[in-house]
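Taking it in order: structure first as C-alpha cells, then the write-up.
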Amino acid sequence: MAFRRSSMMDARRSSSHCSTVTLVAFIALCLVGVWMMTSSSTVVPVDMSSPESKSEMKQQVSETDRGPREDSSVDVIDEAATAAAAEIDANIDVKDSTTETRSESPDDQNVQDKAAENMVEKPQESEMDDNTRTSQTFSDENGSTEDSSPDATDSGQVKKADQKTFSDENGITEGGEMMNDGKERSQEKSTEGNSEETKDGGQENKADQKVDEMTDDGQTESSRQNSDETGKTEGGEMIREGQDKSTEGNYQEITEKADSKFGEKFSEQNSDETKGDDNNGKEAAERPDEITAGSKVKDLISHEVFPDGAQSELLNETSTDEITAGSKVKDLISHEVFPDGAQSELLNETSTQNGAWSTQATESKKEKAVQAASKEHGTRNNWKLCNVSAGADYIPCLDNEEAIKKLKSTKHYEHRERHCPDEAPTCLLPLPEGYKRPIEWPNSRNKIWYDNVPHSELATIKGHQNWVKVSGEFLTFPGGGTQFIHGALHYIDFIQESMPDIAWGKKSRVVLDVGCGVASFGGFLFDRDVLTMSFAPKDEHEAQVQFALERGIPALSTVMGTKRLPFPGMVFDVIHCARCRVPWHIEGGMLLLELNRMLRPGGYFVWSATPVYQQIPEDVEIWEAMTALTQSMCWDMVNKTKDQINEVGMAIYRKPSDNECYGKRTKDSPPLCQGSDDPNAAWNIPLQACMHKLPVDPNARGSQWPPQWLQRLENVPYWLNSSQVGVYGRPAPEDFKADTELWKHIVSKSYLKGLGINWSAVRNVMDMRAVYGGFAAALQEANAWIMNIVSIDSPDTLPLIYERGLFGMYHDWCESFSTYPRSYDLLHADHLFSKIKKRCKLLAVIAEVDRILRPEGKLIVRDNSETIEEVESMAKSLKWEVRMTYSKEKEGLLFVQKTMWRPKEVEASLPSLS
C-alpha cells in the first residue's frame, strides 16, 4: 500500500498541470461551500444509523453523533435498511468467500468507517431549492473534492443534504466529504473523466457507464488488480474482495430495493431517485450468484407475512433446513415486513451449522441429484401438449376412446364410467383461447367467462329452464333447474317446509345431489350452510359439471353405472334427485340400493321427478315400481307434495334407523348383504342388489345422528374410543384432537397469513391427502370449500371426515381424477408424493396436478426434502413460479404457483390410445 502511494505521489509531482488543477478546484469548492453556508437554504441534519456490521467492519457510529430525524420517509426506509443490512452482508460474504482477502491498513479501515458514518439521505423533492439542486459537485481527476463547510464534522453528520457528489473511483460518498484520516490520499485517474452535470442530478456519469461496460466485457488483469487493491471501481461502486461493501453501498442498494417494492407508498418522498439506482438494480439482477432463485420468496414478504410469530410457526411446523430463495432480501425492505422482532426470529430459525447458507459441496451434490432425477423422468423442457380429440377438456379416465370402443356393452352406462389408460399421461393440455382468471365467488355463481368454458349447446337445450344462458362474453346462471325454474332458493325452502326435520344447515349438513346439471341446487345450499357433493356424467349435457366447477360449486364427473360410487357407507344426511334420469326401479333396485348404502340411518331421500306428480302411463308405472321397492327397503315416505309455483311434485323418503323393519319383512327382497360385505369398500367395487344391516352397538358409527352443525365439526365422534389406535399412534380421540389443533395452528399462523395468498380469490380447494380433515376444518372461515381425498392406500378416515360435516372421496393418485381440467384454485399435498412415487411415476402425478389446477392456481407441498426437490424441479420445468421452498431435518415445504405457460410442441400420440 505504501509503495503504491509513493509511486502515485511521484506521478503527481511530475505533472504541475495536475497540481494546478487540484489547487484551483480546491479553492473553488471552498468558495462554493462558503456561498452555501450564507444561502437561505436550511439543511436539516439527518441521522443515518449504519447497520450492524457482520464481518471486517467492526466500528459503529456513535450514538451521541446521531442527529434527529425529520423526514418520516427516512424513518421507514432507514428502519427497513437496518433490518435487512445483515441479510445483504451475508449475501456478499457468501459471494466473496472464494476470493482472496486482502489486508487493510489502518488508513483503509478508517476510510470505510467514515464512509459508514457519512451516509446521506436525499431530501424530499418538494423541499429542494432549484439552486441547491443544481449545485452538485463532481470530483476532479484526483478525487480530492472536499466539503469546505465548517459544519461537516468528523462524526459523520452532514449539514449539506441538498448538495450531491457522485462517488469517485475511491468510493467517496454523496454529500461531497473527503473520507480521510487527515492525510492526503492518492487515487488512480478515471479513464473517462467525470460526467456532465444534469438538471435533476439523476443521470449516471459516463465513467460509471464505462466501468459497467468494462465489467461486463471483461477487464484486463492489471485493471482487475488495481480494482482489487483499492476495493473500488471507477464508477464509484465498491466491488469488495474478501470484505464487506461500504455501508453506504449497502444503504443505496437497500433504498433502491425499498423503492422498487414500495414505490407507490414513497413515490412523493423519493421522486428524485436517480437512474443510477435503476442501473444498480439491473446490475443486481445480473448477479445470479448473489441472488439465487429470486422468485421463491417473492410474495412471502408483506404486511401480514409473519405477524405474531407466524414466521417461527411456519419454520417449525414444516421442519425445514434452508431457505433456498436468495431473494429473501429482495422484498424484505418494509417497515412492516417483520413486526415484533420476527426478522431476528427468521435469522435464528434458518441458522444451521453453517448459518443460513449451505456449502457449495452440498448445493452441488443436491443439484447433481436433481438433474439426474430430472433426466430420468424427462422433466427438463420435455413437456408436450396432449394429442387428444377432447382437447382442452380432456379427462384421461373418462375420455379413453380406445378402451370405450372395446366395451362389450353400454347398457349400464359403462361408457360413462372410468377407463383409465394403462400408462398415466405425462402431457399437458392447452388453454381455451381467450382464457381469463375466473370470476371470484360469490359473483361466479351467477356468471362465468364464456371463453373459459366455451360451450353454448347446453344453453340452447336448457335455456328455457333457466339452467344457463349466453350473455355476451359471459355465461349466466339464473339459478333455475328442470324442477325449479323459478329459482333454487325457493325450491330449497320448499323442501324444508315439506319436511321440517331436514333442518338445513343444522341437522342436515352434507348432501349428495345426483344428476346435478349445472349444480345450482348445491350452489344455493351454501346459503343454508350446507355442503353438497354434486355429480353428473360426462354426457350429451356438455360441460355441465365443468360449468359447476367454474362457478365455484363442488361437483364430480361420475355416473351410477355398474360400480359403487367412491364414497363410504352411511355418510350423507340427505340425498337429492331432481329429474336425474336414473332408473331407480330396475334390476332389483340396484341403483337405489347404492343410495341406501351411502345414506345415513335416519337420513332422507328427496325425489322430485315426473312419476311423482304426472299421470302419464309410463310415469304411473315407474311410480308404482318405486313404491313397492321403497317399501321392501323399509323406507318410509314421510311426505308427497306439490310445489305450486314451480308446478312440480316431490316425494320425501326416510331410511330406517335400526334393523327392526328388516326382520318383519315377509319377503327377503331385496336381500340383506353378507356380514362380510363392507359398506365402506367403494373403490372399483361392483354394485350388489342387497342392503347392509344397520349398526346395533350404540357406540358404533351410524347408530346415532351427529351433533348439529357447527358443533359436529369440533366434537370427537362418539364412536372413537381410547382402545382404538389413531393414525399417528396415539389413542384415537387424542389423535383426532391433536390433529385438529395442529392444523388450526398451521393454517392460521402460516397458510392464511404467511404465504401471501389472496384467499378471497381461492374458492375450489383440494386436500390431496386428508387424514382427519383437520386442514379443511381449519379453513372453515375461509370463503372456500375443500374436497378431502383419502388415498386408497391410506387409513380409511373418510367416514370420520363426513361425521365432522365435511366431505370428500376415495381416489388412487396413480390414476387421473374424475374432474375437468382447470377445476381447482389450490391443491394441498401433505406427504402424498413421497408415498405415491413408490407405486407409480411421480411425473405423471405432477402432470395430473397441472391438469386439474387452474392457471395462477397454487400448490402447497409438505414432504421429505428429497421429494420436495423432485417436485420443485418438475414445477420449474413447467415454468411455474416457485414462491417458497425450504427444508430442515430432511423435511420441507414447497409453495408454487402455476402460470399460463403451455408448450408449443404436440405429442405424437398417447400410449393408451395407440
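Residue numbers start at 1 and run along the sequence shown. Please read all numbers here as calculations on a predicted model, not as lab measurements.
Taking the centre and axis of the six-membered ring of F477, the NZ or CZ atom of R551 falls inside the cone set by 45° and 6.0 Å. Because its NZ or CZ atom is both nearer than 6.0 Å to the ring centre of W623 and within 45° of the ring axis, K640 counts as a cation-pi partner of that residue.
A salt bridge is absent between K507 and D573: the closest approach of a Lys/Arg side-chain nitrogen to an acidic carboxylate oxygen does not fall below 4.0 angstrom. The pair D825-R763 does not meet the salt-bridge criterion, since no charged nitrogen lies less than 4.0 angstrom from a carboxylate oxygen. Between R600 and E803 there is a salt bridge, with a side-chain nitrogen of the basic residue lying less than 4.0 Å from a carboxylate oxygen of the acidic one. Checked for salt-bridge contact, D527 and R445 meet the test: a charged N lies under 4.0 Å from a carboxylate O. The pair D793-R769 does not count as a salt bridge, with every side-chain nitrogen at least 4.0 angstrom from each carboxylate oxygen.
Taking every heavy atom of both residues into account, H455 and A543 meet most closely at CD2-CB, 3.6 Å. Nearest heavy-atom pair, G808 versus Y802, reported as atom, atom and distance to 0.1 Å: O-OH, 2.6 Å. Residues Y613 and G649 come closest through the heavy atom pair CD2-N, 2.9 Å.
One side chain, N596 or W635, offers a donor N or O that lies under 3.5 Å from an acceptor on the other. Donor-acceptor pairing under 3.5 Å is recorded for the side chains of T610 and D619. A donor atom on one side chain and an acceptor atom on the other are found under 3.5 Å apart for D796 and Y810. Checked by atom type, the side-chain pair N680/R701 shows a donor-acceptor distance below 3.5 Å. Between the side chains of N466 and H486, no donor N or O sits under 3.5 Å from an acceptor N or O. Between the side chains of W467 and T482, at least one donor-acceptor pair of N or O atoms lies under 3.5 Å. Between the side chains of D643 and Q483, no donor-acceptor pair is found at a separation under 3.5 Å.
Summarising the local packing, CD of E647 is surrounded by 12 or fewer heavy atoms from other residues, nucleotides or ligands at distances under 6.0 Å. For E457, the CD atom sits in a packed shell: over 12 heavy atoms of surrounding residues, nucleotides or ligands are nearer than 6.0 Å.
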- request: Could you check K405 against E401 for salt bridge (Lys or Arg N to Asp or Glu O under 4.0 Å), going step by step and ending with a plain yes or no?
  value: CA-CA 6 Å; K405 290 177 182 178; E401 298 174 353; 5.2 Å; no

field: Stepwise disulfide (SG to SG under 2.5 Å) test for C420 and C397
entry: CA-CA 4 Å; C420 297; C397 291; 2.0 Å; yes

message: side chain to side chain contact (heavy atoms under 4.5 Å, CB included) for V545 and L556? Distances and angles first, verdict last.
response: CA-CA 7 Å; V545 168; L556 183 69; 5.8 Å; no

